[in-house]
Participant: 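Attaching a single structure in structure tokens format; questions to follow.
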Amino acid sequence: MTKIEYKHTHIAAKKKLGQNFLLDKNIPKKIVRESGIREGDRVLEIGPGFGALTTAILEVVPSFTAIEKDRELARFIREEHPQIELIEGDFLKAPLEPLAAGGKLAVLGNIPYSITSPILFRLLDNRHLVASATLMMQHEVAQRIAAVPSTKEYGILAVQMQAFCDVKYLFKVSRSVFKPRPEVDSAVIRMVPKAADPVEDCEGFRLFVRRAFHQRRKTLWNNLKEYYDNSAVPEATLKLRAEALSVPELITLFGQLRAIDRGDADERSF
Ligand SMILES: C[S@@+](CC[C@H](N)C(=O)[O-])C[C@H]1O[C@@H](n2cnc3c(N)ncnc32)[C@H](O)[C@@H]1O
């Protein structure tokens, strides 16, 4: 276990909380610059840790909210940055509505690898409360979110995120700027929820995307025939694999399908 000592606090870095702390001072400034936040924005930082990104945010926004799960680090941030509203708790459980206070949140964070997907889907599910999310995560996950069609990275994550958000891959961050040093590199991406959802039945679309990509090597016809009446879909489209279709093309396809009532409503609630 790596011991970290910083100012008046020392902790044993906890792997299960994804505690890899940024040592570099320029990267946090770059993240804040790319986030586009301005004074007056409602900022929410996920996992401030020892405050590497916190300090850079404070140069632009004099006060904001941060959620930190680790008790010692929460105490550290309270002592170092009393102007911040520090919530000691789990981002995945914290109610976001009161934090948005009738507006929208600019979310920033160097997020723990182990809960990247739950964080992304929580933000997606609460997109009406989110103005933007600028997040550092495992490089491979950032690539999958920003992937383009007909690449091995393109799949469920890319389609889910890009259908509802404008996604921009910003820059890669070497593993060497963290302590303890992780086994993988990181990258920063920015996501801005679209003004309007491209589909009405968001849950149905989520299910459709999972089905379409269920067996990547299979054609759309083979992956979908069991669940939908495909009669309104051009035959040429059904012969393709899901990975060949762009996000707008998948949205169009979803609009052409009619669900077959198989009495399997439970499957919708994953
Ligand atoms: C990758 S570290 C980043 C720390 C700091 N922002 C930095 O860049 O050096 C992730 C941080 O998130 C915190 N954390 C882990 N799980 C969390 C959760 N569910 N909710 C809030 N914070 C969490 C960890 O304790 C840690 O401080």
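Keep in mind it's a predicted model, so treat the numbers as computed, not measured. Remember, it's 1-based here, ligands and their atoms both numbered in the order they're listed.
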Participant: Numbering the atoms of ligand 1 from 1, which are under 4.0 Å from a heavy atom of Gly89?
Facilitator: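 Reading through ligand 1 atom by atom, the close ones are 20 (N), 21 (C).
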
Participant: With rounding to the nearest 0.5 Å, note down the distance linking CG in Leu135 to OG in Ser186.
Facilitator: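 The distance works out to 11.5 Å.
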
Participant: Just which atoms of ligand 1 are under 4.0 Å from any heavy atom in Gly18?
Facilitator: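 Under 4.0 Å from Gly18, ligand 1 has these atoms: 1 (C), 2 (S), 10 (C).
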
Participant: In ligand 1, which numbered atoms sit nearer than 4.0 Å to a non-hydrogen atom of Leu73?
Facilitator: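 So the answer, numbered in order with elements, is 27 (O).
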
Participant: Quick one: look up the protein heavy atom nearest atom 17 (C) of ligand 1 and list residue, atom name and how far away it is.
Facilitator: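 For atom 17 (C) of ligand 1, the nearest protein heavy atom comes out as Lys69 CB, 3.7 Å.
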
Participant: Can you name the atoms of ligand 1, numbered from 1 with element, that are less than 4.0 Å from a heavy atom of Gly49?
Facilitator: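 Heavy-atom distances to Gly49 below 4.0 Å select 4 (C), 27 (O).
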
Participant: Is it true that Glu34 and Lys30 have a side-chain N and a carboxylate O under 4.0 angstrom from each other?
Facilitator: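 A salt bridge is absent here (no side-chain N lies under 4.0 Å from a carboxylate O).
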
Participant: Does Gln83 have more than 12 heavy atoms from other residues, nucleotides or ligands lying within 6.0 Å of its CD?
Facilitator: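 Check passes, neighbour count above 12.
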
Participant: Can you give me the closest heavy-atom contact between Asn223 and Ala212, atom names plus distance?
Facilitator: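 Taking every non-hydrogen atom into account, ND2-O, 2.9 Å.
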
Participant: How far is atom 19 (N) of ligand 1 from the closest protein heavy atom, and which atom is that?
Facilitator: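 Sorting protein heavy atoms by distance from atom 19 (N) of ligand 1 puts Asp90 OD1, 2.7 Å first.
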
Participant: What residue and heavy atom of the protein are closest to atom 15 (C) of ligand 1, and at what distance?
Facilitator: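 For this ligand atom, the closest protein heavy atom is Leu17 O, 3.1 Å.
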
Participant: Do Glu243 and Ser150 pair up side chain to side chain, a donor and an acceptor below 3.5 Å, judged on atom types alone?
Facilitator: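 The answer is no; no qualifying pair exists.
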
Participant: To check your reading of the model: name the closest protein heavy atom to atom 12 (O) of ligand 1, its residue, and the distance in Å.
Facilitator: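 Protein heavy atom at minimum distance: Gly47 CA, 3.3 Å.
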
Participant: Let me check something: do Val107 and Tyr113 share a hydrophobic cluster, defined by ILVMFWY side-chain heavy atoms less than 4.5 Å apart, either directly or through other members?
Facilitator: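 Not linked; separate clusters.
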
Participant: Considering Asp70, Ile11, Ile67, Asp24 one by one, which has a heavy atom nearer to atom 21 (C) of ligand 1 than any of the others?
Facilitator: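 Nearest option to atom 21 (C) of ligand 1, by heavy atoms: Ile67.
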
Participant: Charged N to carboxylate O below 4.0 Å: is that the case for Glu72 and Lys14?
Facilitator: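 Salt bridge flag = yes for Lys14 with Glu72.
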
Participant: Under the side chain to side chain donor-acceptor pair (under 3.5 Å) criterion, do Thr252 and Glu249 qualify, and how do the steps go?
Facilitator: CA-CA 5 Å; Thr252 302; Glu249 285 168 337; over 6 Å; no

Participant: Output the list of atoms in ligand 1 that are nearer than 4.0 Å to some heavy atom of Glu68, sorted by atom number.
Facilitator: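 Answer, ordered by atom number: 13 (C), 22 (N), 24 (C), 25 (O), 26 (C), 27 (O).
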
Participant: Please list, in number order, the atoms of ligand 1 under 4.0 Å from a heavy atom of Pro48.
Facilitator: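 Ligand 1 atoms under the 4.0 Å threshold to Pro48: 5 (C), 6 (N).
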
Participant: Mind checking whether Asn110 has an N or O less than 3.5 Å away from an N or O of ligand 1?
Facilitator: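 N/O-N/O distance under 3.5 Å: yes.
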
Participant: List every atom of ligand 1 that sits less than 4.0 Å from any heavy atom of Gln19, numbering the atoms from 1 in the order shown and giving each element.
Facilitator: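 This gives 24 (C), 25 (O), 26 (C) as the contact atoms.
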
Participant: Which word best sums up how the rings of Tyr169 and His139 line up, parallel for under 30°, tilted for 30 to 60°, or perpendicular for over 60°?
Facilitator: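 If you compare the ring of Tyr169 with that of His139, the planes turn out perpendicular.
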
Participant: Identify, for atom 16 (N) of ligand 1, the protein heavy atom at the shortest distance, and state residue, atom and that distance.
Facilitator: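 Ranking protein heavy atoms by distance from atom 16 (N) of ligand 1, first comes Pro112 CG, 3.5 Å.
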
Participant: Checking a contact table here: which protein heavy atom is nearest atom 9 (O) of ligand 1, and how many Å away?
Facilitator: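 Atom 9 (O) of ligand 1 sits closest to the protein heavy atom Leu22 N, 2.8 Å.
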
Participant: Below 4.0 angstrom from a heavy atom of Phe91, which ligand 1 atoms are there? Numbered from 1 as shown, please.
Facilitator: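 Counting from 1, the qualifying ligand atoms are 18 (C), 19 (N), 20 (N), 21 (C).
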
